[in-house]
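Here is the structure we will look at.
Just so it is clear: chains get the letters A, B, ... in the order the sequence lines come, proteins before strands, and each one is counted from 1. Bear in mind that the values here come from a model prediction, so they are computed numbers and not experimental data.
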Amino acid sequence: MKSTIIYILSLPILILFSCEETILIETDQADPQIIVEGLITNEMKRHTIKITQTADFYQAGDTPRISDASVTVSDNEGNTFIFLEEEKGIYRPQVAFEAKIGNTYDLTIDINGKLLTASEDLLPVTTIDSLTFGLNEEDTEEEEVDIFSVYMYTIEPQDEDNYYLFKFYRNSYWLNEEGEDITVTDDTAVGEAIDGIEAPYWYFKGDTARVEMYSLTRESFVFWNDVATLVFSDGGVFAPLPANPRSNITGGALGVFQVSAISAKEIIIE
Amino acid sequence: MNKIVSSILLLLFFIETNAQERFTISGYVKDASNGEELIGSTVFVKELQTGTITNHYGFYSLTLTPGTYNLVFSYVGFENLPKQVSLTSNLEFNQELKADPTLLQDVVIIGEEEEDVNVQSTRMSINDLNIEQIKKLPSLFGEPDIIKNVQMQSGVVTVGEGTSGYFVRGGTPDQNLILIDEAPIFDPSHFFGLFSIFNADVIKDAELMKGGIPSRYGGRLSSILDVRTKDGNSKRLAGSGGIGLLASRAMIEGPIKKDKSSFLVAGRRSYVDLFLKGNDDVSKIYFYDMNTKVNWKINNKNRFFLSGYFGRDVQQFNDDGAFNWGNKTATLRWNHLFNERIFSNTSLIFSRFSYGLEIFDEIEGLEWTAAITQVSFKEDFAFFINPRNELTYGYEGTYRKFSPGKIVPNSDNSIFKKTEMPKTSSLDHAFYLGNKQDLTKELTLEYGLRYSIFQNVGPSLVYEYEDPQDNINITRVDSTKYGNFETIKTFQNIEPRFSARYLVNGSSSIKASYNRMVQNVHLLSNSVVSLPFNTWAPSGMYIDPQKSDQYAVGYFKNLRNNKYELSAEVYYKKLLDVTAFADNANVFFNEDLAVEFRRGTGKSYGLELYGRKNRGSLTGFVSYTLSKAESKIPGINGGKIFPSSHDRRHNLSVNASYELNQRITFGANLVYGTGRPFTLPVGRYEVENYNLNFYTGRNQYQLPDFHRLDLSMTIIPKKNLGKKFSSSWTFAVYNAYNRKNPFTIYTRKKQNGDGDIIGDGSELQARLIYLFPILPSVTYNISF
C-alpha cells in the first residue's frame, strides 16, 4: 500500500513540463564503507552472505568485494553455521540448513579485527492461499499481444504489526525493473481479506509466474523501506532529503542482515 | 493580564484629562471612483509638521488642541487633497481622493514629508506590494501573482520554479503566516505552485512583514503576508476579467446601497486539462477559486464586513486515482468606534485546509483525507491618544482541530480497512499591547509585547515511548486517552517587539528593530518544499514551540522628492527549537510520528539592498540580497552545522515597467540566484540488484546558478482609451532566453534514450531536470 502511495506522491505534476539531460557531477568521493547483505530464510538451502564495499560514483563494474572475512551465523538452539568464501565476497555454509520460525539468528563477521554483528528473529509469514491470472484487457488492446495479470489471495493477520517484502518472478527471472522497483510494505490500514491484489508486472502466455512473500522484522523493514525511498526519489524539492538506509548491523557497516520466512506460490499462464 | 491593561488605560486617560482640552478629527479616506477605503493614506497636519496614516480599514484619528489646521490628505497615485479645518469640537471628517495616474509621471508637486512614508515610518522590513504595479508586469502564463512578487522582494528567496513556497530571511515556508482578510491560508499554491490562490483582481493591499513585526501579529517565526481584499465598488456596478492560455477569471462588484453597502464576487478557473487531452496519465487537472465579499457601512461608528474564499486543486489520473486539496476561509468583521479616538475591530474567522487522495481500484481502492480547521475570535483596539501616541491592544483566541489522516476503503473488496490517526486540538490565547510613540521629531519608537498561552487539548490519544527518539524500534509503554478540551500540555510565551526610527533629515532615516516570534503550529514535512499532503501538528507532548529572535538595522533614503527610494538593511536571525525530522522520517500517516521529531536550531544573516523608482515612464525596483542560512539538527550531518536547503548566497531581482505611451507598456523581470544547496552522492554500492547512492552529510554541494528573464507587452486598443469599458492584450514570454534552470538532479543506471540499460547496470549517471523552457502566453483583459 505504501509503495503505491509513495509512487503517486512522488509523481511531480511538473513532469508534464519538465525536460532532462545527463550531467557530470563532481563530488569528493568518500572513503570506502563496508556493505553487508545477508539473507537467511526457512528454505533448506545454502544461504548467502555478501560483503562488499562502496565504490566511487562513476566507477563501473562490480563494487569491491571483501575476501578473507570470517563469517558465522548462530542460533539460539546452539547451532553454529560457518560461512566460507565461494566467490569473491560471497560466503555460504558448507551444508544447507533451514532457519526455524521463532528462533533468533546472530551474525558475526570479522574483517581483519573489525567486528560486525547483527541479530534477528525469524518471524512467521502468512501463507499465500492462491494465485490466479486473468487477461488484462486494456493493456492487451494497447500492446496488441495478450497480456495477463496475476492476482494473489491471502489473509493478513490483524493481531500484530507485520512487515512484508515481495518478489515477483517471470520464468525464474526476478522482476524489479532493472533495480528501479521494489515492493516492501507494512500493514497499516490493511484489512484481513486480501482477495486478488494485482502483481505489478505483466505476464505472457506460457510464462510461469512466481510470487514470494517474505516476513520482515521491524529493523529489516526499516532498511528496505529506506531503500525504496531512495529508489523512488527524484531528488527534487518535494522528495524526502536523501539519506543512507538505516542498517541493522552493528560495528560500522551499511546493509542488512535479513532473516525471513517465505511463502511462495507459482502459476502457469496457459 | 487584563488588570495590567486596564491600569495602563486608566493611567493614560488620567494623563489626558489633566492636559489641555483636545478635540478629535477622524474619519475614513476613500477612493472617489469606487468608494474603496485607502489603506495607509497619509493625513498630514502642516502646522504640526506631523500626521498619521489610515489603518487597514481606511480610518484615521488626530487629537489636537482647538485651532485652525491645514490638512493634506494624500495617497500614491492620487491627487493631494488640502483641507482647512477649524477645530472647535470633535469632527467627523471623511474624504475622497481622486486618482490621477499622471502623478506617476516625473512631475514634482507634493511637499516632501507626506510622501516619504518609507523614510518616515518606523515600519522597517515591511514591503508594500503595489498591486497595480504587479498587474503590469510579465507573469507566468499571463497571470499576475502576488506570491511571485513576494518571491522577488529583498530578503526573500525561493528554491527555484514550480513552487509557491518562499523563504524569508533564512526561514522556511511554514514559518510564513499568510492572511487573506485576517484568515490564515495554509497552502497558498495552486497547480503545485505555478499559480497562487490570490486572484490579483480582488486584492486591495498586501504587505509582507519580514522583520519589525508589530505585537498584534504572531503565530509564525519568519514573516507575515497580510492581504486585504477590496470591499466592492460602492458607487457603481463594475467588473473585470481576463482570458488567458491556462486560466480565466471574472469579477463583478457593485453597490447594494450606494455609498453604504457593496458586494464583490470573483471566480477563477484553469483549464490546463484541455491541453493535456493527448496525455496518457492525466485526465483532469484544474484549479478554481472564488472570492466573495459583502459589506455594510452603516456610518462611521459601525461597519460590517463578511468575506469568504474558497478554492480547490483537482487532479485525476485516468481511472487510477485522484487528488484534490484546497483552502476555505470566512471572516466576519465589525469595525466599531467607541469614540473618535478608539477604533475597534472584532473578527470571527474560520479557516480550513483539507486534502483528499483517492485510488480507484476494486482491490486496492481507498480514500485518504486529512484536514486542519481553525476558528478564531479576535478583538483589536487602536487608541489614538494624540498625534504622538497610538496604542494598540487586543486579544486573539483560536481553537484548532488537527485531523492528520483517515483512510477509508472505497470498494467492497478493498484490502484496506478504516483507519484513523489520533486527532488532536488546541486552544491558543494571545494578548498584545503596543504603542507607537513620537519621542521627538526625529525619534519614533514602536514597542510592544505579545503574551501567548497555548494549550494542546483533547480529544486525543497520546502514547508514551520507552525511547522517544528511537525511530527504528518503537516501543510504546503506555497510552493516555484525553477527553474533550482536556489539557495535554500548556505553553506560555512572551514575545517582545521593538522598532525605532531616527530621522537624519527630511529624506533619510536609520531604523532598528528586534522581534521575538513564537510558533505553535508545526508543518510535518521532511522535503525542501512542502507538499499539499503534509499535515500540521500543534505544540504538545513531543513538540515544543519554535522560537525566533531577529535583529535588523537599516538605512533608508529618498532621492529627488521620493522619485527614488533606496534602502540597505542588515539582519540577523536565530531560530530555536525548530521542528525538524530525523533522516528517513516517515511523515505520512504515522501514528508514531513523535519519534521522528528532532529539535534543531538555525541561524541566518544577510544584507538587503533595495532601490525603487516610483515615477516616470520607467518604474520598477531592484533588490539584491547577500545572505547565509545554516541549520543544526541532531543526527543529521553527524550533528554538525550544515547549509540550510534554501541557503542561496546571492539573489538579485529586477522588476521594471516602461510606459511607451498611453496605450503600450513593456514589462520585464530578471532574476538571478546562486543555486540551492544539494545532497549529492559521494559513492555507490550494490544491494541485490539495486545500485544505490552513498551519502555522507547533507547539502554539501550546490545546484548550478539560476537566472531567468521574462518580458511582456500590454496593449490597450485605441478605441478603448478613456471609455468605461476597457480591454487590453498582454503578450508575455516567460524565460525569454530559454535558460535550462535546474530543478533537481537525480541518479539512475546509465540508459539510452529508449530507457534500455547500457552495459551491466553497474554504471550510474546523473540527470538534471529543468522545468520551464521558453513559454509564451497571451491574455485578454477587460474591465468596466
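Using a 4.5 Å cut-off between heavy atoms, A:Ala55 contacts chain B through both its backbone and its side chain. Neither the backbone nor the side chain of B:Phe581 comes within less than 4.5 Å of any heavy atom of chain A. Both the backbone and the side chain of B:Ile745 come within less than 4.5 Å of a heavy atom in chain A. Using a 4.5 Å cut-off between heavy atoms, A:Ala30 touches chain B through backbone and side chain atoms alike. Heavy atoms of A:Ile197 lying under 4.5 Å from chain B belong to its backbone as well as its side chain. Residue B:Glu362: no heavy atom, backbone or side chain, is found under 4.5 Å from chain A. Within the 4.5 angstrom heavy-atom criterion, only side-chain atoms of A:Glu37, from C-beta onward, approach chain B. Using a 4.5 Å cut-off between heavy atoms, B:Lys750 makes no contact with chain A at all. Only the side chain of A:Thr52 comes within less than 4.5 Å of a heavy atom of chain B; its backbone N, CA, C and O stay farther away. B:Thr419 touches chain A through its side chain: at least one heavy atom from C-beta onward sits under 4.5 Å away, while N, CA, C and O do not. For chain A, the nearby parts of B:Asn526 are the backbone and the side chain; heavy atoms of each come within less than 4.5 Å. With a 4.5 Å cut-off on non-hydrogen atoms, A:Leu241 touches chain B through its backbone and its side chain both. Only the side chain of A:Leu254 comes within contact range of chain B, with at least one heavy atom under 4.5 Å from a heavy atom of that chain. Both the backbone and the side chain of B:Asn471 come within less than 4.5 Å of a heavy atom of chain A. For B:Ser525, no part lies near chain A; criterion is any non-hydrogen pair under 4.5 Å. With a threshold of 4.5 angstrom between heavy atoms, A:Asp181 approaches chain B through N, CA, C or O but not through any side-chain atom. For B:Ile769, the parts sitting under 4.5 Å from any heavy atom of chain A are the backbone and the side chain alike. Looking at A:Asp226, the atoms closer than 4.5 Å to chain B (heavy atoms on both sides) sit in the backbone and in the side chain alike.
Scanning for salt bridge (charged side-chain N to carboxylate O under 4.0 Å, His left out) contacts around A:Glu198 gives an empty result, with sequence neighbours left out.
No donor-acceptor contact under 3.5 angstrom links the side chains of B:Asn413 and A:Asp195, judged on distance only. Side-chain polar atoms of B:Tyr690 and A:Glu180 form no donor-acceptor pair below 3.5 angstrom.
Separation of atoms CZ (B:Phe772) and SG (A:Cys19) is listed at 10.5 Å; rounding is to 0.5 Å.
A:Glu26 and B:Tyr701 get closest at one heavy-atom pair: O-CE2, 3.9 Å. Residues B:Ser762 and A:Ala60 approach most closely at OG-C, 3.7 Å, considering heavy atoms. The two residues B:Asn584 and A:Pro245 make their nearest non-hydrogen contact at ND2-CA, 4.2 Å.
Under the 4.5 Å side-chain criterion, counting only non-hydrogen atoms from C-beta, A:Phe238 is not in contact with B:Val528. Using a 4.5 Å heavy-atom threshold, the side chains of A:Ile25 and B:Pro681 count as touching. Side-chain contact between A:Glu20 and B:Leu768 is absent, with no heavy atoms from C-beta onward closer than 4.5 Å. Side-chain contact between A:Val190 and B:Lys417 is absent, with no heavy-atom pair separated by less than 4.5 Å. Side-chain contact between A:Val227 and B:Leu692: present, with at least one pair of heavy atoms (C-beta onward) separated by less than 4.5 Å. In this structure, the side chains of A:Gln33 and B:Tyr685 stay at 4.5 Å or more apart for every pair of heavy atoms. You'll find the side chain of B:Phe588 stays beyond 4.5 Å of the side chain of A:Thr188, heavy atoms only.
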Starting from the C-alpha separation in whole Å, work towards a yes-or-no answer on side chain to side chain contact (heavy atoms under 4.5 Å, CB included) for A:Ile35 and B:Phe694. CA-CA 11 Å; A:Ile35 316 290; B:Phe694 178 60; 5.8 Å; no
Candidate pair B:Ile472 and A:Arg246, rule side chain to side chain contact (heavy atoms under 4.5 Å, CB included), full reasoning: CA-CA 8 Å; B:Ile472 298 179; A:Arg246 288 165 283 180; 4.0 Å; yes
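Identified by a heavy-atom distance below 4.5 Å to chain B, the contributing residues of residues 155-163 of chain A are A:Gln158, in residue-number order.
A salt bridge links B:Glu688 with A:Lys167: the distance from a Lys NZ or Arg NE/NH1/NH2 to an Asp or Glu carboxylate oxygen falls below 4.0 Å. A salt bridge does not link B:Arg767 to A:Glu21: none of the charged nitrogens lies less than 4.0 Å from a carboxylate oxygen.
Comparing A:Gly61, A:Gly196, A:Ala193 by heavy-atom pairs within less than 4.5 Å of chain B, the highest count is held by A:Gly61. For the set A:Tyr151, A:Trp174, A:Tyr58, the entry with the most heavy-atom pairs within less than 4.5 Å of chain B is A:Trp174. Taking A:Lys50, A:Glu192, A:Arg218 one by one and counting their heavy-atom pairs under 4.5 Å with chain B, the maximum is reached by A:Arg218.
Put simply, the residue from A:Asp28, A:Thr27, A:Thr54, A:Asp56 that forms a side chain to side chain contact (heavy atoms under 4.5 Å, CB included) with B:Val682 is A:Thr27.
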